[in-house]
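One structure below.
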Amino acid sequence: MPELPEAETIARGLDRAIAGATILSVDVRSRKNVVAPTNVDFASALRGERIERVGRRGKYVVLELQSGRRLVVGLRMTGRLIAAAPGEPAVPGAHVVLRLSGERLLTFADVRTFGRMTLVETGRVWDHALGVEPLGSGFTREAFIGMLSGRKTPVKVLLLDQHRIAGIGNIYACEALWQAGIRPSRPSKSLTRAAASRLHDAVVDVLLRAIGLRGSSIDDYVDAAGARGSFQDVLSVYGRLGAPCPRCGKSIVRTVLGQRGTWWCRGCQH
DNA sequence: CCGTTGCCCTGCCAGC
DNA sequence: TGCTGGCAGGGCAACG
């Protein structure tokens, strides 16, 4: 499931592989997975555009185009963005294929078809619903403490709320809560300043470590070159039902919070 | 504003 | 062995 570290890894890989390339043609094989403004044809609008750079916002990969337009890619659970060099085999199940200068291809594929490529017109704000970047300067301890205050929402549900903090998904929410020693169901407002600060620091630390390991490849995720990440090898709690807690040895349990599976340790998360 | 529910979709797997 | 039903999950709309 591409979350912030996976989207960041893909964006960096794409920036290296295809920044500067011109889009020669666009093959839309699944209408459902592309979105364009009214009266704009997705494929013809992109044709001839130069990809200036590739970045990330929250869990979204953003291709900045020469005209000022953006191609915003939401990968959801199973979406893939693969840059292929000449001669490499085609990506199976492709929904959109961009043929680029230098005989390169950029392929978007998604078995569950929840992912979207959205064309955003120049100057149009597309990320108004996204909160602060957890690795940006706006995510201070004080800002985080402010988010938690006065809310009875379980702290894990708050971490997953993209309107407040953009980019944290289920894996990294579980891991950060474990690292900070905080029970996921705790009402946000019940955290002391010390606990909130610990959680803030854990969020930043977990995301940075995950980027360092190029993301978590649990089911489908691969980077822009088709390679797996390795953070799945160092997970402490996520998906580890019944395994011993790396800190206290008690068995990891699974509960449900906000309709999401939640893995945590009853022994050392309070 | 806040919180909850259901839908989208298909691969996988436990259970029969 | 082969089928089936349930589950997984991010974002969004709809609702109270």
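Just so we're on the same page: letters track the sequence lines, and every chain starts at 1.
Rounded to whole Å, the distance from NZ on A/K156 to P on C/dG9 is 8 Å. In this structure, A/D161 places its CG atom 13 Å from C1' of B/dC1, rounding to the nearest Å. A straight line from CG of A/D110 to P of B/dC9 spans 12 Å, rounded to a whole angstrom.
Annotation: salt bridge (Lys or Arg N to Asp or Glu O under 4.0 Å) contacts involving residues 232-256 of chain A, sequence neighbours excluded, are absent. Sorted pairs that involve residues 13-24 of chain A and meet side chain to side chain donor-acceptor pair (under 3.5 Å), not counting sequence neighbours, are lacking altogether. For residues 174-184 of chain A, the side chain to side chain donor-acceptor pair (under 3.5 Å) pairs, not counting sequence neighbours, are A/Q179-A/D205, A/Q179-A/R209, A/R183-A/S185. The list of ring pair (Phe, Tyr, Trp, His ring centres under 6.0 Å) pairs with a residue in residues 211-230 of chain A, not counting sequence neighbours, is empty. Under the salt bridge (Lys or Arg N to Asp or Glu O under 4.0 Å) criterion, the residue pairs touching residues 147-169 of chain A are A/D161-A/R164, with sequence neighbours excluded.
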Side chains of residues 79-92 of chain A: which donor-acceptor pairs under 3.5 Å do they make with residues two or more places apart or in other chains?
residue	atom	partner	partner atom	Å
A/R80	NE	A/D220	O	3.3
A/R80	NH2	A/D220	O	3.0
A/E88	OE1	A/A85	N	3.0

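From one end of the helix from B/dC2-C/dG16 to B/dC16-C/dG2 to the other, with five pairs defining each end axis, the axis direction shifts by 50° (rounded to 10°).
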Annotated protein contacts, base or backbone, on nucleotides 10-16 of chain C with a non-hydrogen cut-off under 4.0 Å, one of B, S, - each: BB-----
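In terms of phosphate contacts, A/R164 brings no side-chain nitrogen or oxygen within less than 4.0 Å of OP1 or OP2 of B/dC1. In this structure, A/Y238 does not reach the C/dA8 phosphate: none of its side-chain N or O atoms is under 4.0 Å from OP1 or OP2.
A/T113 is linked by a side chain to side chain donor-acceptor pair (under 3.5 Å) to A/K32, counting only residues two or more places apart in sequence or in another chain. In this structure, the side chain to side chain donor-acceptor pair (under 3.5 Å) partners of A/S67, at least two apart in sequence or on a different chain, are A/E49. With sequence neighbours left out, the side chain to side chain donor-acceptor pair (under 3.5 Å) criterion links A/R116 to no other residue.
Under the 4.5 Å side-chain criterion, counting only non-hydrogen atoms from C-beta, A/V203 is not in contact with A/Y172.
The backbone N or O of A/V26 lies less than 3.5 Å from no partner atom in the side chain of A/R47, so there is not a single donor-acceptor pair.
Among the heavy atoms of the strands, none lies under 4.0 Å from A/G74.
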So which protein N/O to nucleotides 4-7 of chain B N/O distances come out below 3.5 Å?
none

